[in-house]
Amino acid sequence: MELSVNGRRRRAEQTAKAAPQAEKRPAGTNRAPAGPRGDKADWSQAALSFLREMDRRKMEEERKRLEAAQRKNGDLEMLSKSLDVMEKCQKIASRIMRGDKVPPQDEQFLMEADPDGYKLAIACRVPKEKPKEWESVLEDEEREGGSSESDGGETEAPASGGEAAEC
């Protein structure tokens, strides 16, 4: 291995050239030149506006989903109430068909809520010697609502067990 002075000089010159370029820059500016920095800021602004737009779209979709859920809840509530009314009508109609006595409010409720079911229950009524007297299926609010609506006009009482028809 041979040592040459010329090789050392060349290396020293190369390092000397690199060192002054680093010293020529001001002390506080170790950043990249202004051109690329401007590009980064532009990219940041574009990314920020894109993210804001995405957030706005997500919020709009969430609002629409919540509105749809509220509509579905309203529909479910309405169907639930309708099912309760149908269940009460079925109980009243089955009691009438067996020949038992039901309160007049229940008969009125059945007539208003399910006229065909009322007609069928009366037509299929089976007379009993000792009919059972049932308490009302209706809740207090329904009884009060039914009596206030029926105060306006008198309705005929349904025919007694004489018209029993087999279904």
Side-chain angles (χ1 to χ4, degrees), residues 28-167:
T29 59
N30 289 337
R31 297 181 193 152
R37 181 165 190 234
D39 290 342
K40 286 181 184 177
D42 290 342
W43 278 94
S44 296
Q45 290 297 324
L48 182 63
S49 64
F50 176 76
L51 290 174
R52 285 182 179 159
E53 179 65 20
M54 293 302 291
D55 285 344
R56 187 191 63 77
R57 287 181 184 172
K58 284 182 183 177
M59 292 295 285
E60 184 69 22
E61 289 174 7
E62 183 68 17
R63 184 185 59 78
K64 287 180 181 178
R65 190 182 61 76
L66 286 173
E67 287 176 358
Q70 287 175 349
R71 274 188 251 121
K72 286 180 184 177
N73 286 341
D75 292 345
L76 289 176
E77 213 172 282
M78 184 178 63
L79 288 172
S80 172
K81 289 178 183 178
S82 175
L83 184 62
D84 288 342
V85 168
M86 289 173 55
E87 189 176 313
K88 290 174 185 176
C89 288
Q90 187 268 333
K91 281 184 183 179
I92 295 168
S94 68
R95 290 174 181 177
I96 291 173
M97 285 181 187
R98 284 182 287 194
D100 294 336
K101 290 186 178 182
V102 295
Q105 300 96 342
D106 286 9
E107 280 191 43
Q108 183 69 28
F109 178 80
L110 182 61
M111 270 193 278
E112 292 171 1
D114 186 14
D116 293 333
Y118 176 75
K119 291 174 190 175
L120 183 64
I122 295 298
C124 294
R125 181 185 289 174
V126 176
K128 278 188 179 177
E129 285 185 26
K130 296 182 181 179
K132 180 176 179 179
E133 292 191 28
W134 290 93
E135 290 185 16
S136 181
V137 173
L138 306 176
E139 296 166 2
D140 293 335
E141 301 90 32
E142 292 170 333
R143 277 187 241 146
E144 291 171 4
S147 64
S148 65
E149 293 174 1
S150 64
D151 287 343
E154 291 283 326
T155 58
E156 292 183 31
S160 62
E163 296 180 349
E166 290 298 317
C167 292

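- Of the inter-residue distances, the one linking K58 atom NZ with L51 atom CG reads 9.0 Å to the nearest 0.5 angstrom.
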Worksheet item: Step by step, would you call L120 with M97 a side chain to side chain contact (heavy atoms under 4.5 Å, CB included)?
Response: CA-CA 8 Å; L120 183 64; M97 285 181 187; 4.1 Å; yes
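- Taking each heavy atom of L110 and I92 in turn, the nearest pair found is CD2-CG2, 3.8 Å.
- Considering every non-hydrogen atom in both G99 and P131, the closest pair reads O-CB, 3.1 Å.
- Note: I96 CD1 to E107 CD = 4.5 Å, rounded to the nearest 0.5 Å.
- With rounding to the nearest 0.5 angstrom, the CD atom of E61 is 10.0 Å from the CZ atom of R56.
- Between M78 atom CE and D75 atom CG the span is 5.0 Å, to the nearest 0.5 Å.
- Between E112 and Q108 the shortest side-chain heavy-atom distance falls below 4.5 Å.
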Item to complete: Report the C-alpha separation of R57 and E53 in whole Å, then their side-chain angles, then the decisive distance to 0.1 Å, and conclude whether the salt bridge (charged side-chain N to carboxylate O under 4.0 Å, His left out) test is met.
Response: CA-CA 6 Å; R57 287 181 184 172; E53 179 65 20; 3.3 Å; yes
Practice prompt. Please step through side chain to side chain contact (heavy atoms under 4.5 Å, CB included) for the pair F109 and M111, ending with a clear verdict.
Written response: CA-CA 5 Å; F109 178 80; M111 270 193 278; over 6 Å; no
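- Inter-residue side-chain proximity for E67 and K72 is flagged as unmet; no heavy-atom pair is nearer than 4.5 Å.
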Worksheet item: Going through the checks in order, is the side chain to side chain contact (heavy atoms under 4.5 Å, CB included) test met by E133 and K101?
Response: CA-CA 5 Å; E133 292 191 28; K101 290 186 178 182; 4.0 Å; yes
Discussion item. Between R65 and E62, is the salt bridge (charged side-chain N to carboxylate O under 4.0 Å, His left out) condition met? List the steps.
Written reply: CA-CA 5 Å; R65 190 182 61 76; E62 183 68 17; 2.5 Å; yes
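- Residues L138 and K88 share a closest heavy-atom pair of CD2-CD, 4.3 Å.
- Under a 3.5 Å cut-off, the side chain of D106 and the backbone N or O of V137 do form a donor-acceptor pair.
- No side-chain heavy atom of S44 sits under 4.5 Å from any side-chain heavy atom of L48.
- Side-chain contact check for C89 versus Y118: every heavy-atom pair is 4.5 Å or farther apart.
- Atoms NZ and CG, on K81 and L79 in that order, are 11.5 Å from each other to the nearest 0.5 Å.
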Discussion item. The test is side chain to side chain contact (heavy atoms under 4.5 Å, CB included); show your working for R98 and V126 and say whether it passes.
Written reply: CA-CA 6 Å; R98 284 182 287 194; V126 176; over 6 Å; no
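- Minimum heavy-atom separation, A113 to V85: CB-CG1, 3.9 Å.
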Worksheet entry | Worked verdict on E60 versus R63 for salt bridge (charged side-chain N to carboxylate O under 4.0 Å, His left out) | CA-CA 5 Å; E60 184 69 22; R63 184 185 59 78; 2.3 Å; yes
